[in-house]
Amino acid sequence: MGIAAHPCPFPSGKLLINNRWVDAESGKTFATLNPATGREFARVAEAGSADVDRAVAAARSAFEMGPWRRCSGVDRGKLLYRLADLIDEHAEELTYLDALDAGKPIAESRAVDLPLAVACYRYFAGWADKIQGQVIPISGSYFCYLVHEPIGVVGAIIPWNFPLLMQAWKIAPALAAGNTIVLKPAEQTPLSALRVGEFVIEADIPRGVVNVVTGFGPVAGDALARHMDVDKVAFTGSTETGRLVMQAAALSNLKRVTLELGGKSPNIVFADADLDQAVEGAHLGLFFNQGQCCTAGSRVFVEDKCYDEFVERSVARARARVIGDPCDPRTGHGPLIDQAQLEAVMAYIDAGKRDGAALLCGGERVAQEGCFVAPTVFANVSDEMTIAREEIFGPVMSIIRFKGVNELIERANATRYGLAAAVWTRDIGKAHRVASSVRAGTVWINCYDVFSPAAPFGGFKQSGIGRELGQNGLQQYTETKTVTIRV
Ligand code: NAI
Ligand code: MG
């Protein structure tokens with residue numbers, strides 16, 4: 001494949017605390033790798049709990065004192081619009097950083113990550129001066145009203161699969177509502193968060209309002225989750241780590257918790273669907289970002305009557321996927337994030353073979369170097385197989401056969417997850433029936449992975465707690481205060 005070893009285009013290695021770039025107290029740094037080569041291309045500061053303390057103290061004092069405290073909603077909106085503009089103006093550089101750091105195909109981040117991130121900052125910028133209270137009629141001679149106040153210091157812990165977008169999903173609503181934030185990016189993908197940190201300074205966002213600490217989950221992430229002076233933790237990542245974060249919150253100061261976790265989303269294709277659209281939708285719904293998506297449609301349920309044709313077309317579509325250097329705009333399929341993810345995905349492929357599913361394409365690594373796994377399609381998958389039950393987080397499609405709609409709904413819901421679902425059919429009644437019966441936070445009908453900053457997103461069951469985006473998402477960054485006056 002021949003992938004050039006790009007140098008890091010940008011000096012990293014510091015933490016952003018109080019709008020100043022500082023070393024970790026220990027002086028330690030760690031390497032971030034380029035997943036396409038498996039080699040180091042930048043070093044970043046390794047925050048320990050003392051650094052998290054410093055960042056939280058900066059966020060606390062910005063929240064309690066300083067200009068942020070007096071900043072009106074209109075002014076918070078202006079600052080967020082300015083940040084959005086800076087990110088937009090540096091779109092090429094940022095997508096390039098994520099391509100190098102996350103192995104994310106640049107064509108995808110140009111089309112999806114970057115525009116959605118910018119849209120998210122602008123959407124919440126628009127909310128900043130529209131967070132309104134209510135007057136509540138109560139009995140007696142009283143005037144009772146509600147106000148929605150910021151929660152305080154937010155700790156945000158984000159994953160590596162959508163670095164720029166996950167920053168936006170946390171920073172934008174937190175700031176719109178008047179909170180301050182300490183962001184811990186994933187250890188695999190810290191660079192774009194550091195670059196956005198430079199834009200925070202350039203946008204004149206007051207010091208201490210946004211702090212960025214790079215470091216490892218069990219150290220810096222854990223310190224944030226159990227910090228006594230953090231008022232809310234917003235986490236996106238695996239269900240297992242989400243459980244630890246919630247536990248740390250419970251055992252420390254009962255900080256507010258929102259969790260966006262894993263999924264095993266059913267993507268349901270009825271025989272009366274537009275099959276071209278369904279094949280393409282199932283393909284993108286699974287292989288987008290090499291399958292490293294919480295919403296990945298990793299259980300493709302296909303009606304008996306069109307099963308064979310659907311399988312044949314899906315295999316042809318997967319074979320046509322262009323594998324290559326993430327920095328090459330023709331590339332559709334890049335590497336997995338790291339060696340550990342590669343090994344986990346290969347183990348799932350072995351489990352699929354062992355359990356007797358039919359491996360129709362892929363199933364192997366692509367190059368000697370880097371973390372590439374070929375687009376893989378299994379047919380004749382049954383519900384109890386490991387690949388039909390566990391979140392794989394890789395380019396592995398499992399196609400499962402179904403006959404009637406009743407059995408289908410029961411089987412689609414037989415999972416501990418409930419993040420998303422999709423249904424492909426020309427029958428509007430059937431579509432609504434599935435949409436109302438499936439236990440998932442998002443349902444797509446004849447489409448997949450359609451996101452908007454205005455539309456709430458989050459999980460039922462073990463896929464999470466709370467919602468992000470939209471007005472519901474904003475509410476998760478405020479406390480409601482009830483004020484009652486005798487008149
Ligand atoms: P992870 O959930 O452990 O990592 C996500 C974030 O949590 C990172 O910033 C990490 O540093 C932090 N973290 C890790 N341990 C922590 C702790 N004890 N306390 C506080 N923060 C902590 O996910 P990881 O290990 O990168 O990937 C493992 C699996 O998780 C993947 O194979 C995939 O199945 C799933 N995953 C799901 C994501 C989603 O969007 N739903 C995103 C990333 C991973
Ligand atoms: Mg990296």
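The structure displayed is predicted, hence computed values, not measured ones. We count ligands from 1, going down the list as the structure has it; atoms in each ligand are counted the same way.
A heavy-atom separation below 4.0 Å is not found between F162 and ligand 1.
Scanning the protein for heavy atoms near atom 34 (O) of ligand 1, the closest one is E391 OE1, 3.2 Å. Scanning all protein heavy atoms for the shortest distance to atom 7 (O) of ligand 1 gives F235 CE1, 3.2 Å. The protein heavy atom nearest to atom 37 (C) of ligand 1 is F393 CZ, 3.4 Å. Among all non-hydrogen protein atoms, the one lying nearest atom 42 (C) of ligand 1 is P159 CB, 3.3 Å. When hydrogens are left out, the protein atom nearest atom 23 (O) of ligand 1 is S238 OG, 4.0 Å; that is the closest non-hydrogen contact. Closest protein heavy atom to atom 12 (C) of ligand 1: I157 CG2, 3.6 Å. Of the protein's non-hydrogen atoms, E187 OE1, 2.5 Å is the one closest to atom 11 (O) of ligand 1. Of the protein's heavy atoms, L244 CD1, 3.7 Å lies nearest to atom 18 (N) of ligand 1.
The protein does not reach atom 28 (C) of ligand 1 closely, with no heavy atom under 4.0 angstrom from it. Closer than 4.0 Å to atom 25 (O) of ligand 1 lies none of the heavy atoms of the protein. Inside a 4.0 Å radius of atom 4 (O) of ligand 1 there is not any protein heavy atom.
Considering backbone and side-chain atoms alike, G217 places an N or O below 3.5 Å from some N or O of ligand 1. Any N or O atom pair closer than 3.5 Å counts here, and V245 shares no such pair with ligand 1. Residue I158 places at least one N or O, backbone or side chain, under 3.5 Å from an N or O of ligand 1. In terms of polar-atom proximity, defined here as any N/O pair under 3.5 Å, G237 does make such a contact with ligand 1. The N/O atoms of T241, backbone and side chain alike, include one that comes under 3.5 Å of an N/O atom in ligand 1.
Taking the six-membered ring wherever Trp is involved, the centroid distance between the rings of W169 and F162 does not fall below 6.0 Å. Taking the six-membered ring for Trp and the full ring otherwise, F393 and Y348 have centroids separated by 6.0 Å or more.
Once rounded to the nearest 0.5 Å, the distance linking CZ of R389 with OG of S382 reads 10.5 Å. Here the straight-line distance linking atom NZ of K264 with atom NZ of K461 works out to 14.0 Å at 0.5 Å rounding. From I201, atom CD1 reaches atom CZ of R207 across 12.0 Å, with rounding to the nearest 0.5 Å.
Heavy atoms of L261 found under 4.0 angstrom from ligand 1 belong exclusively to the backbone. Contact annotation for Q341 and ligand 1: only side-chain heavy atoms (C-beta onward) come within less than 4.0 Å of the ligand. At a heavy-atom distance under 4.0 Å, no atom of A225 approaches ligand 1.
Not counting sequence neighbours, the partners of R416 by the salt bridge (charged side-chain N to carboxylate O under 4.0 Å, His left out) test are E240.
Of the residues I171, L175, L86, the one that meets the side chain to side chain contact (heavy atoms under 4.5 Å, CB included) test with Y121 is I171.
Counted by atom type alone, D98 and S192 present one or more donor-acceptor pairs between their side chains at under 3.5 Å. For R243 and Q462, the side-chain atoms include at least one donor-acceptor pair closer than 3.5 Å. Looking only at atom types and distance, the side chain of W160 has no donor-acceptor partner in the side chain of D338 under 3.5 Å away. No side-chain donor from either of K184 and T214 sits under 3.5 Å from a side-chain acceptor of the other. Judged purely by distance below 3.5 Å, without hydrogens or angles, the side chains of T295 and D449 pair a donor atom with an acceptor atom. A donor-acceptor contact closer than 3.5 angstrom links the side chains of D53 and H227.
Within a 6.0 Å sphere centred on CZ of R43, other residues, nucleotides and ligands contribute more than 12 heavy atoms. For CE of M246, the number of neighbouring non-hydrogen atoms (other residues, nucleotides, ligands) closer than 6.0 Å is 12 at most.
Around the Mg ion (ligand 2), the protein N, O or S atoms found under 2.8 Å comprise T32 OG1, L33 O, D101 O, D101 OD1, Q188 O.
The pair E25-R54 meets the salt-bridge criterion, since a charged nitrogen lies less than 4.0 angstrom from a carboxylate oxygen. Of the charged side-chain nitrogens involved, none lies within less than 4.0 Å of a carboxylate oxygen, so that R354 and D350 do not count as a salt-bridged pair.
Residue contact check: G221 has heavy atoms under 4.0 Å from atoms 19 (N), 20 (C), 21 (N) of ligand 1. Atom numbering of ligand 1 starts at 1 in the shown order; those under 4.0 Å from a heavy atom of A186 are 9 (O).
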